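First comes the structure, then the notes that go with it.
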Amino acid sequence: MSNAIESVDLSRRFRRLEAVEALNLQVPAGSVFGLVGPNGAGKTTTIKLLMNLVRPTLGSAVVLGTDSRRLTPRDLQRIGYVSENQRLPGWMTPARLLNYCRPFYPTWDEALCRKLQADLNLPSNARLRTLSRGTRMKTALLASLAYRPDLLMLDEPFSGLDPLVRDELIRALLELAAENDVRPLTVFVSSHDIEELERLADWIGFIDHGRLMFAEPVSSLLARFRRVDVIAADGVALRPATAPDWLPQGAAGRTIQFIDTNHAAPDAERRIASTWPDAEIRVSPLSLREIFVALVRRAS
Amino acid sequence: MKLLVHCLAADVRRSWLAIAAWVLVVAGSAVVDGIRPFLASDLRVLNLVGAVGNLLWLTELLLLFVLTALVVQTHPLVGSDAFWMTRPIPPRTLLASKLVLLGGVMVAFPVLAEVVLMAAYKVPARQTALVAANTALTRTMFVILLMTAAALTRNFSRFAVLCGSAFGAIAILISIVVAILMSRADFATATLIVSTSAPMPADEDPTGAFLWNVLAPVVGFAVLAVQYRTRSRLRAVTLGVAGLLLASAIVSVWRWPFLQPRAVVPEWAAGASALRLSADPKSIDSREEGMFGRRTPWTSIRARVHLAGIERGWSATVALLNASIQRDGIVAARTARAGFPAAVPIDANEEYPTRIVVRDLLGVRRLTESAPPKGESPVVFVTRGADARGSMPATGLYQGRFQVTLTRHDVEATLPLTPGASHQNGSYRIVLDEIERAPGAVTLFARESRALSPFDRTLPSLYGFYLRNRVEGEALAGNGMDVREGPFLSRFMPFGFGYSVAESSGFVARGMMIRFPPGYGIQGESLAIDDRWIADAELVIVRTTREGSVQRELQIPDFLIG
């Protein structure tokens, strides 16, 4: 199996709102796939569709080889799910939650569970409803990692967490992903936290208004996007950046700035140079965050 | 199985406080119901225990809703954010664990409490089993229906709103039906309140109610199964509505009344010479029927009908089935409606029939009781509107067909007026606890218990209490009152929750106060009783049971319409 997740025209409509529209997605097995997008873009709905928490109005998805609408308890034994919106059983303590989950998973790794429990510094005797949001998320993550799932779905797992907790979560995830040689762990994560995603993800998908704008490896994405500053010689007027691949960022004095969204193309530099032959061209790489902000601006 | 136990244990841990409260309340209710009949003579203590009983009953009712919702909604089936939904918990196992927990706590435990209570009251094993089966069935129905409501709602507040709306809808529906009935001024409705004053135990066929008790949980279970499997309320509700419509259709077309009580027509009553009807043409009288203070279009014509050929120990009611009036061999008019039962006089004796029968049974010359002095006159013909009457012949040959329903009267027991005197026959049991003698009056405090179930298919009986003095050849009917403290709230509920609630089925243990003379309602001459009369008196319990019915013809030549 090359893809852990595949969707074809996956759509979900809530009355008049097209929350997810014709989503065609491939998530390679063993990858860490980050789904980014502005608020209300359809990230959570996409994950809920993949987890069969809501049913699609059109299209379909295959998760670990099974139609998402027919996920059985046997399939769920291979999938972990952590969401900021999930209602955990607040009357349970973390220890009781783990005891409750354990019998449902034949692959439960008690040693891993204890190690993670110690690493994440989880209290065992306080009820979940009395714990902080970060501790609850850590508990949920632990309850989803201890059975070494093949696929981990994370819906905004870092939202509202302090940096220390984020680090702990990401470290735990990365360690587990690195450990699994035989059964590669696929992580599908949606987040606003681009910096954290940059550390974690090797694939990125961008969703906006329910539509997947692109999905590609992070390395390819970082290579594709460049900030370009064009500085005109004295007395020379600059032509505006009009190519469809260029996202204008503004102009100041003798300088115009744009983002080239296709800088990996072989003729990218030649096209820029031929547009402004007499100008000084400065090209600099972008962080994922800058790419995300630029894309959101263009979308809005 | 391992997962089932695991899920069950988790639910018990989650709801242990509510479960413990429920167990205490049910056990407490059983204890209160068990001891309440002993307290009939001490009103102060009875009031205290009764208040506790009412409080326990209300708590039980509240916990029934709370515990069901708590157990089911520990794993919510509505929405998409519940933790368990993304966990590999087999829906079948989850549903089974909920059913086992709620079935054990909310059905089996109360039934067990009722069985213990019945054992304490010496109810025979067979009757205990039948009553327990009926209680279990009824409770299962309510628990499944509440589980269904909880499974279709996201949280307790929505569950409460749904249940409240359902009760409200039922109340509105009943109001609409009553309003429609009132507006139609139906003859049957008009005469509903003009029932016979003869003691007539109920003889309804419980098959339909039983079918509902079976089909409703089946539909509820199907809804639960779909909701647990698909978590699609649309599918579950659609199935539920379709299931209820199907159940309703099945009940309405059901033709096998397998639970109908076996009514016996004795051999002597089967012959044509028995139970003959006759009427005096001069006794015909017409009356415009009214309802709730309003006139109705119905006019009933009554006649002084007599019944002959009835055996000793039996009485009967007579109800018009159909009738016609012929003139010159041609039918000139037919009755617009059937009539309602009336206790007609026996032979030439104008007295109220049960008074004669009971007097005979008791072997006394004089009997004082609350029955009317004279037998009733049945409706023999019904017309609708003045126009119909105007088109009828002034006289003609009346031919009517009547349903004659027999009632058997037996002496159930004769007890001395001493504390501790007791009698048991099957599940019926009475124990005299205390006898208060006052000048010219006696008050008995007794414990009476019965266990009735629709499954035993026996006709329920009424029990009447008489004080008899054989020396004087006189008897006095008593007024047996159920001694309860204040209003008993559970009686106003649309369904019975176990013991001491339903009078027609289930186990009933109650304290009774039987007063001689009753203090009110005495018809005809009254007896003057003194201490010497009381000293020679004994308590006689008369059992009245409705039996089978036959049809008889009545002809009245020269039937004159008033």
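Values in this document were obtained by computation on a predicted structure and should not be read as measured data. Per chain, numbering begins at 1; letters A, B, ... match sequence-line order.
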Any [X] side-chain heavy atom under 4.5 Å of [Y] side chain:
X         : Y         : value
Met85(B)  : Asn52(A)  : no
Tyr100(A) : Ile89(B)  : yes
Thr86(B)  : Ile79(A)  : no
Arg13(B)  : Arg96(A)  : yes
Phe104(A) : Cys7(B)   : yes
Phe83(B)  : Cys101(A) : yes
Arg87(A)  : Pro76(B)  : yes

Do side-chain atoms of His6(B) reach the backbone of Pro103(A) as a donor and acceptor pair under 3.5 angstrom?
->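 No.
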
Under 6.0 Å from the [atom1] atom of [X], do we count more than 12 heavy atoms belonging to anything else shown?
X         : atom1 : answer
Arg74(A)  : CZ    : no
Arg102(A) : CZ    : yes
Phe109(B) : CZ    : yes
Arg229(B) : CZ    : no

For the student: nearest non-hydrogen atoms of Pro73(A) and Pro88(B), plus distance |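 Of all heavy-atom pairs spanning Pro73(A) and Pro88(B), the closest is O-CB, 3.0 Å.
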
Portion of Thr74(B) that has a non-hydrogen atom of chain A nearer than 4.5 angstrom =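 Its backbone and side chain both get close to chain A.
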
At a heavy-atom separation under 4.5 Å, does Leu3(B) approach chain A through its side chain, its backbone, both, or neither?
->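 The side chain, not the backbone.
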
Using non-hydrogen atoms and a 4.5 Å limit, figure out which bit of [X] sits close to chain B: side chain, backbone, both or neither.
X         : answer
Leu97(A)  : side chain
Ala140(A) : backbone
Asp75(A)  : neither
Arg55(A)  : side chain

Does a donor on one side chain and an acceptor on the other come within less than 3.5 Å for Arg87(B) and Ser144(A)?
->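 Side chains of Arg87(B) and Ser144(A): pair found under 3.5 Å.
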
In Å, rounded to the nearest 0.5 Å, how long is the span from OG1 of Thr44(A) to CG of Asp81(B)?
->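 Here the interatomic distance stands at 11.5 Å.
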
Stepwise side chain to side chain contact (heavy atoms under 4.5 Å, CB included) check, Ser80(B) with Gln86(A) = CA-CA 8 Å; Ser80(B) 58; Gln86(A) 195 171 29; over 6 Å; no

Test log, rule side chain to side chain contact (heavy atoms under 4.5 Å, CB included), inputs Ser15(B) and Trp91(A) = CA-CA 10 Å; Ser15(B) 315; Trp91(A) 65 94; over 6 Å; no

